Amino acid sequence: MRLICMLAAAALIVGCAETNQTNREMDRFIDDLMKEMTIEEKIGQLNLPVSGEIVTGQAKSSNVAERIKAGEVGGLFNLKGVEQIKEVQRIAVEESRLGIPILFGMDVIHGYETIFPIPLGLSCSWDMEAVERSARIAAEEASSDGICWTFSPMVDISRDARWGRVSEGSGEDTYLGCEIAKAMVRGYQGEDLETQLQRNDQILACVKHFALYGAGEGGLDYNTVDMSRVRMYNEYLSPYKAAIEAGAGSVMASFNEIDGVPATGNKWLMTDLLREDWKFDGFVVTDYTGIFEMTNHGIGNLQEVTAQAINAGIDMDMVSEGFLGTLKKSIEEGKVSMKELDTACRRILEAKYRLGLFENPYKYCDEERAKAEVYNDEHRAEARRIASESFVLLKNEPFKGKKLLPLEKKGTIALIGPLADTRTNMPGTWSVAAKHDQALSFREGLEQTVGDKVDIIYAKGSNLVSDAAYEERATMFGRSLHRDNRTDKQMLDEALRAAAKADVIVAALGEASEMSGESSSRADISIPDVQQTLLKELLKTGKPVVLVLFNGRPLTIEWESENVPAILEAWFGGSEAAVALSDVLFGDVNPSGKLTMTFPKHVGQCPAYYAQKNTGRPLGDNSRWFEKFKVNYLDVDNAPVYPFGYGLSYTTFEYSDVTLSASEMTADGSITAQVTVTNTGDREGKEIVQLYIRDMVGSITRPIKELKGFEKIALAPGESKTVSFEIDRTDLEFFNYNLEKVVEPGEFKIFIGKDSQTTNEATLIVK
Ligand code: BGC
């Protein structure tokens, strides 16, 4: 401790404008510090044990305080509360020999205590200001409560709705994924690369899970990934790179293998690509027990896989304690060089320096700030606004001549379904810091907002799923839906009695929040059995039914899309979801979200995504299904229920033809593509205008459409706006067979429209 103070006083120049100068100061400071460190203390910096309530892997760290005193801990994660964190930091700086402060990390994934929609929902807002704002608020709250490092953003592209972790990402699209990755990093660390992390409300981001974690075979979590380099480069890697270019100071390795080598031990990935090509200069942490898991992958024993990890470029070991237990031996045996250890140790110390922890280890421990900022009214109001932007109106048909939504604030509503009156399921998966009981249930939200005008009769209607053991697995971590012991018939009868008294039925159905997220893959992605029966019975009453869906992934809802007059996709909207839902259902807010993942008709269509390749036997027009010897199934056509980019509004929008400022351009030139969008309905609304491009002929096969731009615009009734997209080489280039980024001259189609399937088009020739 004493040593650190002296070094810090001698070496730190606070707020230095000149980055090089600051870097030199940092290097000198760390050089001096590392001269004092023993090999054990250096290894200790690479050790990240877990502390707290959350255990996601196969091990739990113990004896943490003693280890901190012994200098064996570089960081700690999922410890909550500023007082506790301050005390643990005190142990590190006052009771360890060198007094090196520790990093406090946490899974602050979609908010801290004020919870925003699950990332998949948030992405459906297509609103980068909202995304950044949600990360900013999360950083303000977490930083005031002692946290300086978040394991976010999760930027894994995924096209397989069976994978439960699609809920934690931004959906299927690379371009949108990059924009969201950048917005998240800006929100956590700050906008300006030169000044990021200087303030005490800015926290270190960790882009994860590097890499390709979303492409596990069969949508099964942790499963094998096998992918061509061409696909990696063109479709999967860019969001990680975008986050790094936005400044993300750390990267988390993924659990899966790449080219037969687990990411955690993959030198091509962690050094050649990440360090040499992308110039990443932060540190890399494993995922939970990632090093240990390489023994299960069959790569070697703990000492061998640990050596492989550090030699590949891993700097910090989350929970495995492979570094702590075996690294010294490997260095003595010449299997790891001192240089590798020094490099990893330096990177951890650099992160601590950049965060300002050497200058003030308690920079993030301000009890007064925590009291004022965590879950305050302003943050909650923002969460409400942002949640309402994440909902997607999937269907809204007239019922007796009038569109069913928005609902009128009068009469009687029968609110029915197992998701209608649960607080703990509202925040959604991965809301580690949230007080789950704090969020209002959907029922409570409606009662609070419209309860004085509308009679709300509630009935559960059914359990989550008929199989009690499945329900238990699906409601872990305190998300119980309090399984009802009555028979299905008794529950249904109660629901039908409620329905009989109502003017309209609102059915709150779908998944419990822990049916998505980590280790929550599903082989059947439909609305569970008993809930489907309930829905069918409710429809038989002849009363208008609004289906409000709670789910963390696309569901196969073809039947529902054909038979239910109104469907609102609510995802898991966070701590203010209940009131935000009321805002949208009763028309105080016009829904504007659009899907960022395709909703397949059948689970057998997974992976389902719009940016497919044409293949040699394209079906072309889906309405022609079935055609022998074409790329189509015998038993279900190729069209999704709802395509990527789809979402309705309470108003309607019309698109003009697409015009180009020139029909030809050179590869280094640029043109403008324009469309005029008119609000043809009778209320104000927001529309997400989407630009897609297709490269008609390439040296490798190219997708039939790729998102290359979007703009969210607000239009008053009758108002028109012209939306312009500048198209230049960045929109046309791709990685060719040799992984060179090229633009190949020829014909390109430019599409602009309201979703990936409803577009107007023009032709561009690139010379
Ligand atoms: C997850 C990570 C998470 C980590 C720490 C792992 O199981 O894959 O996303 O950041 O646990 O909680």
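Note that the structure is a prediction, hence the values are computed from the model and not measured. Values below: all heavy atoms of this structure, side chains included; hydrogens, waters and symmetry mates excluded. Indexing begins at 1, ligand by ligand and atom by atom, following the structure's order.
Of all atoms in ligand 1, numbered sequentially from 1 with element shown, those under 4.0 Å from a heavy atom of Lys208 are 2 (C), 3 (C), 9 (O), 10 (O). Those atoms of ligand 1 that come under 4.0 Å of a heavy atom in Tyr288, given as number and element, are 6 (C), 7 (O), 11 (O). Listed by atom number, the atoms of ligand 1 under 4.0 Å from Asp107 heavy atoms are 3 (C), 5 (C), 10 (O), 12 (O). Annotation for ligand 1: atoms under 4.0 Å from non-hydrogen atoms of Phe255 are 7 (O), 8 (O). Residue-ligand proximity, Phe77 to ligand 1, at heavy-atom distances under 4.0 Å covers atoms 5 (C), 12 (O). For ligand 1, the atoms lying closer than 4.0 Å to a non-hydrogen atom of Asn78 are 12 (O).
Polar contact with ligand 1: present for His209 (N/O pair, distance under 3.5 Å). Taking only nitrogen or oxygen atoms, main chain and side chain alike, Arg165 reaches within less than 3.5 Å of ligand 1. Of the polar atoms of Glu168, none of the N or O atoms is found under 3.5 Å from an N or O of ligand 1, judged by distance alone. Remark: ligand 1 and Trp430 share no N or O pair separated by less than 3.5 Å (distance only, no angle test).
A side chain to side chain contact (heavy atoms under 4.5 Å, CB included) with Tyr112 is found for one member of Glu141, Glu140, Glu373 and no other, namely Glu141.
Taking the six-membered ring for Trp and the full ring otherwise, the centers of Tyr364 and Phe104 sit at least 6.0 Å from each other. Ring centroids of Trp126 and Phe644 are separated by less than 6.0 Å, placing the two rings close together. The ring of Phe283 has its center closer than 6.0 angstrom to the ring center of Trp149. In this structure, the ring of Trp163 has its center less than 6.0 angstrom from the ring center of Tyr213.
For the salt bridge (Lys or Arg N to Asp or Glu O under 4.0 Å) condition, the pairs that include at least one residue of residues 430-439, sequence neighbours left out, are Glu113-Lys435.
Contacts of His379 classified as ring pair (Phe, Tyr, Trp, His ring centres under 6.0 Å), with partners at least two apart in sequence or in another chain: none.
Closest approach of Thr150 and Val108 over heavy atoms only: OG1-O, 2.9 Å.
Without hydrogens or angle criteria, Trp571 side chain to Ser390 main chain gives a donor-acceptor distance under 3.5 Å.
Contacts between Met106 and ligand 1 below 4.0 angstrom, taking non-hydrogen atoms only, are absent altogether.
Using a 4.0 Å heavy-atom cutoff, Met154 is absent from the residues neighbouring ligand 1.
With distances taken over non-hydrogen atoms, the option nearest atom 8 (O) of ligand 1 out of Ile109, Val285, Val50, Asp287 is Asp287.
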